[in-house]
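Starting off with a structure, shown below.
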Amino acid sequence: MHMNRSSLFAAVVAGLGLAASAGAATIFSDTFSYPNGALLPVPPATGPAVNGGWVATGTANATNPIQVTGGVAVMLTSGQDGNSPFSSNFAHADGDKLVTSLDVNVSAAQASGDYFTHLGNTGDSSLFFQRLFVKSSGAGYVLGIIGSSVPSGGAPVYGGAVLGFGTSTHIDVTWNVLAGALNDTFDIAVNGSPYVTGAAWTSTTGEPAGSLSTVNLRQGSGTAAATLTVDNININYTPAVVPEPMALGLIAPAALMIARRRRA
(Lines give C-alpha, C1' and ligand atoms only; values in the text may rest on other atoms or scores of the structure.)
Protein backbone atom coordinates (compact mmCIF):
# COMPACT_ATOMS: atom_id res chain seq x y z
CA MET A 1 0.00 0.00 0.00
CA HIS A 2 1.38 3.42 -0.98
CA MET A 3 1.72 5.90 1.92
CA ASN A 4 2.99 9.44 1.40
CA ARG A 5 4.93 11.35 4.04
CA SER A 6 1.84 13.16 5.35
CA SER A 7 -0.05 9.91 5.80
CA LEU A 8 2.93 8.31 7.49
CA PHE A 9 3.27 11.24 9.87
CA ALA A 10 -0.44 11.04 10.72
CA ALA A 11 -0.10 7.34 11.44
CA VAL A 12 2.82 7.99 13.78
CA VAL A 13 0.87 10.70 15.62
CA ALA A 14 -2.11 8.38 15.97
CA GLY A 15 0.17 5.68 17.33
CA LEU A 16 1.61 8.09 19.85
CA GLY A 17 -1.86 9.12 20.94
CA LEU A 18 -2.94 5.54 21.48
CA ALA A 19 0.21 4.69 23.39
CA ALA A 20 0.19 7.71 25.70
CA SER A 21 -1.29 6.76 29.05
CA ALA A 22 -3.24 9.17 31.24
CA GLY A 23 -6.74 9.08 32.61
CA ALA A 24 -8.82 11.00 35.10
CA ALA A 25 -9.13 9.45 38.55
CA THR A 26 -11.72 10.46 41.13
CA ILE A 27 -9.91 11.31 44.36
CA PHE A 28 -12.89 12.73 46.26
CA SER A 29 -16.67 12.31 46.10
CA ASP A 30 -19.44 13.25 48.52
CA THR A 31 -23.19 13.48 47.94
CA PHE A 32 -23.93 14.44 51.58
CA SER A 33 -26.38 11.57 51.95
CA TYR A 34 -26.20 11.73 55.73
CA PRO A 35 -28.86 12.03 58.45
CA ASN A 36 -30.08 15.56 59.10
CA GLY A 37 -27.94 17.28 61.71
CA ALA A 38 -24.37 18.48 62.21
CA LEU A 39 -21.94 17.47 59.45
CA LEU A 40 -18.94 17.60 61.78
CA PRO A 41 -18.37 16.17 65.26
CA VAL A 42 -19.32 18.94 67.73
CA PRO A 43 -18.65 19.33 70.53
CA PRO A 44 -15.75 18.84 70.81
CA ALA A 45 -14.64 20.18 67.42
CA THR A 46 -11.68 17.82 67.45
CA GLY A 47 -13.75 14.67 68.04
CA PRO A 48 -13.59 11.60 65.77
CA ALA A 49 -14.55 11.94 62.11
CA VAL A 50 -18.11 10.97 61.26
CA ASN A 51 -20.00 11.73 58.05
CA GLY A 52 -17.64 11.10 55.15
CA GLY A 53 -14.55 11.82 57.23
CA TRP A 54 -15.39 15.51 57.71
CA VAL A 55 -13.61 17.13 60.67
CA ALA A 56 -13.36 20.70 61.94
CA THR A 57 -10.65 22.98 60.56
CA GLY A 58 -8.84 24.43 63.56
CA THR A 59 -9.22 23.57 67.23
CA ALA A 60 -11.66 26.21 68.50
CA ASN A 61 -14.22 26.02 65.77
CA ALA A 62 -17.59 24.86 67.08
CA THR A 63 -19.79 27.92 66.61
CA ASN A 64 -22.70 27.65 64.18
CA PRO A 65 -21.84 24.10 63.02
CA ILE A 66 -22.33 23.19 59.37
CA GLN A 67 -25.61 21.31 59.01
CA VAL A 68 -26.83 18.59 56.66
CA THR A 69 -30.47 19.09 55.67
CA GLY A 70 -32.18 16.98 53.06
CA GLY A 71 -28.92 15.67 51.62
CA VAL A 72 -27.09 19.00 51.21
CA ALA A 73 -24.56 20.89 53.34
CA VAL A 74 -26.03 24.18 54.56
CA MET A 75 -23.49 27.02 54.65
CA LEU A 76 -24.23 30.14 56.71
CA THR A 77 -21.85 32.84 57.99
CA SER A 78 -19.49 33.36 60.94
CA GLY A 79 -19.34 29.70 61.81
CA GLN A 80 -17.56 26.40 61.83
CA ASP A 81 -15.30 25.32 58.95
CA GLY A 82 -14.59 21.71 57.99
CA ASN A 83 -12.41 19.56 55.78
CA SER A 84 -12.41 16.02 54.42
CA PRO A 85 -9.49 14.03 52.97
CA PHE A 86 -8.92 12.94 49.38
CA SER A 87 -8.68 9.21 48.76
CA SER A 88 -5.22 9.93 47.30
CA ASN A 89 -3.18 13.13 47.30
CA PHE A 90 -2.91 15.54 44.38
CA ALA A 91 0.82 15.68 43.60
CA HIS A 92 0.79 19.05 41.77
CA ALA A 93 3.20 18.09 38.97
CA ASP A 94 3.70 19.98 35.70
CA GLY A 95 0.93 19.22 33.22
CA ASP A 96 -1.52 17.91 35.82
CA LYS A 97 -5.14 19.03 35.92
CA LEU A 98 -7.45 18.96 38.92
CA VAL A 99 -11.19 19.45 38.38
CA THR A 100 -13.34 20.23 41.42
CA SER A 101 -17.07 19.89 40.68
CA LEU A 102 -19.94 20.81 42.98
CA ASP A 103 -23.58 21.89 42.98
CA VAL A 104 -24.47 25.08 44.83
CA ASN A 105 -27.68 26.94 45.53
CA VAL A 106 -27.00 30.52 46.67
CA SER A 107 -29.84 32.19 48.55
CA ALA A 108 -28.02 35.41 49.54
CA ALA A 109 -24.69 37.13 48.89
CA GLN A 110 -22.92 40.31 49.98
CA ALA A 111 -21.24 43.10 48.05
CA SER A 112 -17.72 42.56 49.42
CA GLY A 113 -17.77 38.83 48.70
CA ASP A 114 -16.06 35.92 50.45
CA TYR A 115 -14.92 32.38 49.67
CA PHE A 116 -16.78 29.26 50.81
CA THR A 117 -14.58 26.40 49.67
CA HIS A 118 -10.89 25.75 49.08
CA LEU A 119 -8.26 23.00 48.93
CA GLY A 120 -5.61 22.36 51.56
CA ASN A 121 -3.62 19.80 53.51
CA THR A 122 -4.49 17.67 56.51
CA GLY A 123 -3.66 19.47 59.74
CA ASP A 124 -2.88 22.79 58.00
CA SER A 125 -5.30 25.59 58.82
CA SER A 126 -3.30 28.44 57.26
CA LEU A 127 -2.57 27.59 53.60
CA PHE A 128 -5.70 27.72 51.44
CA PHE A 129 -5.60 27.07 47.70
CA GLN A 130 -8.15 27.42 44.89
CA ARG A 131 -10.49 29.64 46.91
CA LEU A 132 -13.95 29.93 45.32
CA PHE A 133 -15.75 33.23 46.00
CA VAL A 134 -19.34 34.47 45.85
CA LYS A 135 -20.38 38.14 45.86
CA SER A 136 -23.62 39.92 45.08
CA SER A 137 -24.09 41.61 41.70
CA GLY A 138 -27.32 43.30 40.62
CA ALA A 139 -30.22 40.98 41.34
CA GLY A 140 -27.97 37.93 41.70
CA TYR A 141 -24.36 36.94 42.31
CA VAL A 142 -21.06 36.22 40.58
CA LEU A 143 -18.35 33.62 41.22
CA GLY A 144 -14.64 34.36 41.60
CA ILE A 145 -11.37 32.53 42.11
CA ILE A 146 -8.01 33.09 43.85
CA GLY A 147 -5.21 30.53 43.57
CA SER A 148 -3.71 30.96 47.06
CA SER A 149 -4.09 32.64 50.43
CA VAL A 150 -0.41 33.54 50.84
CA PRO A 151 0.41 36.28 51.56
CA SER A 152 -3.05 37.53 50.62
CA GLY A 153 -3.41 35.91 47.23
CA GLY A 154 -4.40 39.08 45.39
CA ALA A 155 -7.91 39.99 44.29
CA PRO A 156 -10.45 37.42 43.10
CA VAL A 157 -11.02 37.08 39.37
CA TYR A 158 -14.81 37.22 38.96
CA GLY A 159 -16.95 36.11 36.06
CA GLY A 160 -19.13 38.67 34.32
CA ALA A 161 -22.37 36.71 34.00
CA VAL A 162 -24.78 37.27 36.90
CA LEU A 163 -26.25 34.05 38.32
CA GLY A 164 -29.66 33.80 39.92
CA PHE A 165 -30.43 33.23 43.59
CA GLY A 166 -32.37 30.15 44.62
CA THR A 167 -31.29 28.03 41.64
CA SER A 168 -29.15 24.89 41.70
CA THR A 169 -25.97 25.61 39.75
CA HIS A 170 -23.27 23.14 38.71
CA ILE A 171 -19.72 24.48 38.97
CA ASP A 172 -16.48 22.99 37.63
CA VAL A 173 -13.18 24.55 38.73
CA THR A 174 -10.11 23.40 36.77
CA TRP A 175 -6.63 23.89 38.21
CA ASN A 176 -4.06 23.86 35.35
CA VAL A 177 -0.57 23.07 36.66
CA LEU A 178 2.02 24.73 34.40
CA ALA A 179 5.81 24.46 34.38
CA GLY A 180 7.59 27.19 36.32
CA ALA A 181 6.57 29.31 39.29
CA LEU A 182 3.71 31.77 39.77
CA ASN A 183 1.94 30.79 36.57
CA ASP A 184 -0.68 28.11 37.26
CA THR A 185 -4.11 29.07 35.95
CA PHE A 186 -7.73 28.36 36.89
CA ASP A 187 -10.91 28.00 34.86
CA ILE A 188 -14.51 28.05 36.06
CA ALA A 189 -17.38 26.54 34.10
CA VAL A 190 -21.02 27.05 35.12
CA ASN A 191 -23.58 24.48 33.99
CA GLY A 192 -21.06 23.30 31.40
CA SER A 193 -20.34 26.73 29.89
CA PRO A 194 -17.10 28.74 30.32
CA TYR A 195 -17.42 31.37 33.05
CA VAL A 196 -13.84 32.34 34.02
CA THR A 197 -10.96 31.30 31.74
CA GLY A 198 -7.25 31.42 32.52
CA ALA A 199 -7.40 33.18 35.89
CA ALA A 200 -3.75 33.79 36.77
CA TRP A 201 -1.86 32.83 39.90
CA THR A 202 -1.88 36.21 41.67
CA SER A 203 0.01 35.37 44.86
CA THR A 204 3.65 36.43 45.19
CA THR A 205 4.30 33.09 46.87
CA GLY A 206 4.75 30.08 44.59
CA GLU A 207 2.39 27.21 44.03
CA PRO A 208 2.43 24.33 46.55
CA ALA A 209 5.67 22.39 46.29
CA GLY A 210 4.09 19.20 47.63
CA SER A 211 0.77 17.45 47.37
CA LEU A 212 -2.69 18.61 48.39
CA SER A 213 -4.94 16.33 50.41
CA THR A 214 -8.21 17.96 51.57
CA VAL A 215 -11.32 19.75 50.37
CA ASN A 216 -12.62 22.43 52.73
CA LEU A 217 -15.95 24.11 53.44
CA ARG A 218 -15.80 27.59 54.99
CA GLN A 219 -18.47 29.75 56.61
CA GLY A 220 -17.00 33.21 56.14
CA SER A 221 -17.52 36.52 57.86
CA GLY A 222 -20.97 37.86 58.67
CA THR A 223 -20.27 41.00 56.62
CA ALA A 224 -18.98 39.28 53.46
CA ALA A 225 -19.99 35.62 53.14
CA ALA A 226 -22.86 34.12 51.16
CA THR A 227 -25.63 31.85 52.39
CA LEU A 228 -25.79 28.72 50.25
CA THR A 229 -26.03 24.96 50.09
CA VAL A 230 -23.37 22.62 48.69
CA ASP A 231 -23.89 19.15 47.23
CA ASN A 232 -22.26 16.55 44.98
CA ILE A 233 -18.59 17.46 45.44
CA ASN A 234 -16.38 15.47 43.08
CA ILE A 235 -12.67 16.00 42.52
CA ASN A 236 -10.96 14.40 39.52
CA TYR A 237 -7.22 14.33 38.92
CA THR A 238 -5.73 13.93 35.44
CA PRO A 239 -1.94 13.47 35.35
CA ALA A 240 0.18 14.91 32.57
CA VAL A 241 0.25 12.75 29.43
CA VAL A 242 3.61 10.99 29.13
CA PRO A 243 4.25 8.73 26.10
CA GLU A 244 4.97 5.16 27.04
CA PRO A 245 8.10 3.39 25.73
CA MET A 246 5.98 1.79 23.00
CA ALA A 247 5.07 5.23 21.66
CA LEU A 248 8.62 6.54 21.91
CA GLY A 249 9.80 3.49 19.99
CA LEU A 250 7.74 4.53 16.97
CA ILE A 251 9.63 7.78 16.46
CA ALA A 252 12.97 6.45 15.20
CA PRO A 253 11.54 3.89 12.69
CA ALA A 254 9.12 6.49 11.36
CA ALA A 255 11.88 9.04 10.90
CA LEU A 256 13.98 6.44 9.08
CA MET A 257 11.11 5.54 6.74
CA ILE A 258 10.51 9.20 5.89
CA ALA A 259 14.24 9.74 5.21
CA ARG A 260 14.36 6.70 2.87
CA ARG A 261 11.36 7.93 0.92
CA ARG A 262 12.99 11.35 0.50
CA ARG A 263 16.14 9.73 -0.93
CA ALA A 264 14.02 7.62 -3.26
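Side-chain atoms are counted along with the backbone in the values below, which use heavy atoms only and exclude waters and symmetry mates.
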Indicate yes or no for a side-chain donor-acceptor contact from N183 to the backbone of W201 under 3.5 Å, with no hydrogens or angles considered.
no
Would you say W175 and D96 are linked by a side-chain donor-acceptor pair, where the criterion is simply a distance under 3.5 Å?
no
Residue from V68, T69, N105, I66 passing side chain to side chain contact (heavy atoms under 4.5 Å, CB included) with V74:
T69
From NE2 (H118) to CD1 (I145), nearest 0.5 Å
12.0 Å
Is the closest side-chain heavy-atom distance between D184 and N176 below 4.5 Å?
no
Fit a plane to each ring of F90 and Y237, take the angle between them on a 0 to 90° scale, and name the class: parallel (under 30°), tilted (30 to 60°) or perpendicular (over 60°).
perpendicular
Assess the side chains of S213 and N121: does a donor N or O sit below 3.5 Å from an acceptor N or O?
yes
Any donor-acceptor pair under 3.5 Å linking the side-chain atoms of T197 with those of D187?
no
Six-ring centre of Y158, K135 cation under 6.0 angstrom, axis tolerance 45°
yes
Exercise: do Q130 and T100 side chains pair donor with acceptor under 3.5 Å:
yes
Check: S149 side chain, F128 main-chain N or O, donor-acceptor pair, under 3.5 Å
yes
If we ignore angles and hydrogens, is there a donor and acceptor under 3.5 Å between the side chains of D103 and S168?
no
Would you check if the side chain of S87 reaches a backbone N or O of I27 as a donor-acceptor pair within less than 3.5 Å?
yes
Under 4.5 Å between side-chain heavy atoms, hopping through other hydrophobics if needed: is there a path connecting V190 to L132?
yes
Hey, are N232 and H170 close enough side-chain-wise for a donor-acceptor pair under 3.5 Å?
no
Rounded to the nearest 0.5 Å, how far does CG of N36 lie from CD of Q67?
9.0 Å
